[in-house]
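First the proteins, then the strands, lettered A, B, ... as listed; each starts at 1.
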Amino acid sequence: MKKGKLTVTITVGFIVLVFTAVVFIQFKTINQTDILSIENMREDELKSEISNFKQKTEELKREVDETNTKINEYKETVLTGKEASDLLTKELEKQNNLLGKNDVKGSGIIVTLQDKNNKKITSEDLRTLLNGLKMAGAEAISINDNRIVYDSYIVDIGYTFISVNGNKIVSPYEVKAIGNPTYLESGLSQKQYGFVDMKLEEGKDVSLVRKDNILIKKYNKSLDMEYAD
Amino acid sequence: MILVIAIFVQIKTIKSATLTVGTTIKDNRGLKDELLIIQTKYETVKRTLENKQKELEKIRLSASTTNETDKKNETEIKYNQELLGLTEVSGPGFVITLEENREINIDEVLNISGYLVHEEDLLYIVNELYNAGADAIAINDQRIVNTTAIQCDGNILRINGKMVGMPITIKAIGYPERLDGALNRPGGYLQIMADGGIKITTSRTENLTVPKYEGVYSAEYLVRR
């Protein structure tokens with residue numbers, strides 16, 4: 001009788017132990033599944049990743065070609081003993097255009113957002129918009145003539161103002177973006193999930209126009225890295 | 001009894017999970033190979049570009065010795081490279097790691113959303129760091145530059161077009177106390193995320209390295225006014 005009870009207890013105890021171990025092993029397996037590993041990718045993920053890398057490789061190849069051209073141009077000046085001033089100015093200008101140190105112009109879109117009644121435009125709306133514009137390949141952006149640079153920030157100040165780069169601005173907000181107008185427009189105008197439809201759905205006042213010759217002013221402060229080198 | 005049920009529920013979940021994934025995985029060998037090949041090619045071109053850029057730097061330097069303006073411009077080009085995020089930079093700073101809590105039971109949680117890291121979360125944190133004076137930021141080694149977009153592609157986050165997985169490590173170079181104070185203030189965004197169920201750790205550091213931007217700047221539509 002006693003012996004039988006003991007056997008049952010041990011057996012049950014053993015079964016419980018095994019089950020518990022199995023549960024933990026399973027939890028561990030789930031946790032270890034690496035979402036980024038190629039082996040775990042679905043067909044659509046693989047396809048989008050292939051086209052993504054193809055595009056990135058093409059971009060890099062073009063950059064290699066451009067760099068080669070520059071190298072040859074500089075070599076030429078060294079060989080002939082000419083000054084490289086023009087080449088340097090050209091390189092510097094392109095950098096300064098991208099950084100925000102120059103006034104720039106080009107085709108693109110203008111998005112206007114306006115406070116209405118109880119539907120205020122918030123700094124988050126503007127951050128989401130900028131992210132959408134960058135995703136669509138914007139090359140230069142400004143909000144109410146405040147140039148967006150690499151370390152720009154946008155925050156709400158109380159209920160009335162929004163601060164861009166530390167400068168207070170108020171509604172209406174005019175966001176200018178230079179880039180491929182078709183990409184920029186379609187990037188924001190996807191049905192339902194695009195920026196424009198989402199904000200309209202929230203009851204906010206947003207409009208978008210394409211424009212050929214948009215002027216974007218330069219950053220009105222200096223760009224500096226204080227702690228990094 | 002409960003354990004038995006738990007095990008069966010899990011086995012079922014795993015089976016259905018591997019079934020959907022598994023069947024496609026088998027059929028996708030060709031696509032996987034194609035991806036591996038294009039990734040290798042990408043890495044090769046990336047190295048070629050890096051070498052070419054070094055070569056350009058050298059020849060540019062030797063070509064700009066004739067007059068003072070050229071020398072000055074050459075120096076500014078180099079500094080601009082740094083501002084554009086095209087060089088690796090180091091300095092004191094602040095590190096944040098975000099981890100989705102995967103040990104929660106999805107059935108018991110009303111709103112799973114709080115347990116996941118979204119693009120808005122990262123946009124907000126990057127914005128806060130720059131507001132607190134950050135000089136350079138990278139998320140899982142993707143440098144945040146002026147053209148960086150953070151996008152949610154299904155359940156995958158992409159930064160600079162590159163997939164980013166969990167856990168997320170955000171490195172910011174800047175004044176550590178100021179970055180820490182801004183991000184960890186009571187009622188601040190990190191606290192809200194932590195209350196929502198994200199595991200967050202932060203640390204100040206005296207020396208931190210942020211990698212360079214690996215992408216390409218495009219200026220097809222942009223000209224100087």
Side-chain angles (χ1 to χ4, degrees), chain A residues 19 22-23 26 31 35-36 38 42-43 46 49-50 52-54 56-57 59-61 63-64 67-68 70-71 74-75 77-78 83-85 88 91-95 97-99 102-107 127 131 134-135 139-140 149-151 153 155 178-180 215 223 225-229, chain B residues 3 6-7 10 24 28 31-32 34-35 38-39 41-42 45-46 48-49 52-53 55-56 59-60 62-64 66 69-70 73-74 76-77 80 82-84 89 91-92 102 123 127 130-131 135-136 145-151 161 163 165 173-175 216-219 221-225:
Chain A
F19 278 168
V22 170
V23 170
Q26 289 194 14
N31 274 336
I35 194 164
L36 300 187
I38 289 182
R42 292 193 315 263
E43 188 176 344
L46 284 165
E49 206 49 6
I50 288 170
N52 186 23
F53 267 95
K54 273 188 183 160
K56 290 203 170 296
T57 310
E59 283 171 5
L60 288 185
K61 275 186 186 166
E63 194 74 5
V64 169
T67 312
N68 266 331
K70 283 183 202 162
I71 291 171
Y74 277 114
K75 269 186 186 159
T77 62
V78 174
E83 287 188 348
S85 309
L88 290 162
E91 269 201 274
L92 196 56
E93 182 178 298
K94 191 187 168 190
Q95 287 182 326
N97 288 348
L98 289 166
L99 278 169
N102 287 342
D103 289 347
V104 289
K105 63 178 181 186
S107 50
R127 284 195 298 275
N131 193 52
K134 289 173 185 182
M135 216 181 296
E139 294 171 1
V149 292
Y150 76 92
D151 62 353
Y153 54 93
V155 289
I178 293 176
N180 183 322
L215 304 178
L223 285 168
M225 288 199 179
E226 249 184 287
Y227 298 94
D229 59 10
Chain B
L3 275 172
I7 290 174
Q10 288 195 19
T24 42
N28 286 336
L31 286 175
K32 282 176 192 164
E34 199 184 330
L35 178 54
I38 185 71
Q39 280 178 338
K41 198 170 171 193
Y42 170 83
V45 181
K46 202 174 87 182
T48 312
L49 180 59
K52 288 288 166 195
Q53 280 165 342
E55 199 183 328
L56 173 61
I59 185 84
R60 188 198 291 125
S62 62
S64 30
T66 40
T69 319
D70 285 2
N73 283 345
E74 198 272 337
E76 196 181 343
I77 287 172
N80 279 347
E82 200 176 305
L83 295 176
L84 286 163
V89 285
R102 294 205 191 172
L123 288 173
N127 192 64
Y130 279 135
N131 189 13
D135 278 340
V145 296
N146 200 10
T147 52
T148 298
I150 300 175
Q151 67 191 109
M163 291 204 287
I173 293 179
Y175 186 53
V216 168
Y217 281 97
S218 128
Y221 294 85
L222 190 71
V223 290
R224 185 174 192 174
R225 189 187 158 191

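Residues that satisfy the ring pair (Phe, Tyr, Trp, His ring centres under 6.0 Å) test with Y150(A), not counting sequence neighbours, are absent from this structure. In this view, Y42(B) and F53(A) satisfy the ring pair (Phe, Tyr, Trp, His ring centres under 6.0 Å) rule, not counting sequence neighbours.
Across Y221(B) and N180(A), no two heavy atoms sit closer than the pair OH-ND2, 3.0 Å. Nearest approach of L49(B) to L60(A), heavy atoms of both residues: CD2-CD2, 3.7 Å. For the residue pair Y227(A) and P92(B), the shortest heavy atom distance occurs at O-CD, 3.6 Å. Between T57(A) and I38(B) the shortest heavy-atom distance is OG1-CD1, 3.9 Å.
Residue contact with chain B, scored on non-hydrogen atoms closer than 4.5 Å, involves the side chain of E93(A) exclusively. Both the backbone and the side chain of L92(A) come within less than 4.5 Å of a heavy atom in chain B.
In this structure, K134(A) contributes its side chain and N146(B) its backbone to a donor-acceptor pair below 3.5 Å.
Inter-residue side-chain proximity for L83(B) and M225(A) is flagged as met; some heavy-atom pair is nearer than 4.5 Å. Annotation: side chain of T147(B) is not in contact with side chain of E139(A) (no heavy-atom distance under 4.5 Å). Taking the side chain as every heavy atom from C-beta outward, D151(A) and D135(B) never approach each other to under 4.5 Å.
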- Go through the steps for I38(A) and Q39(B) under the test side-chain contact (heavy atoms from CB on, under 4.5 Å), then give the verdict. CA-CA 11 Å; I38(A) 289 182; Q39(B) 280 178 338; 3.5 Å; yes
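Checked by atom type, the side-chain pair Q53(B)/T67(A) shows no donor-acceptor distance below 3.5 Å.
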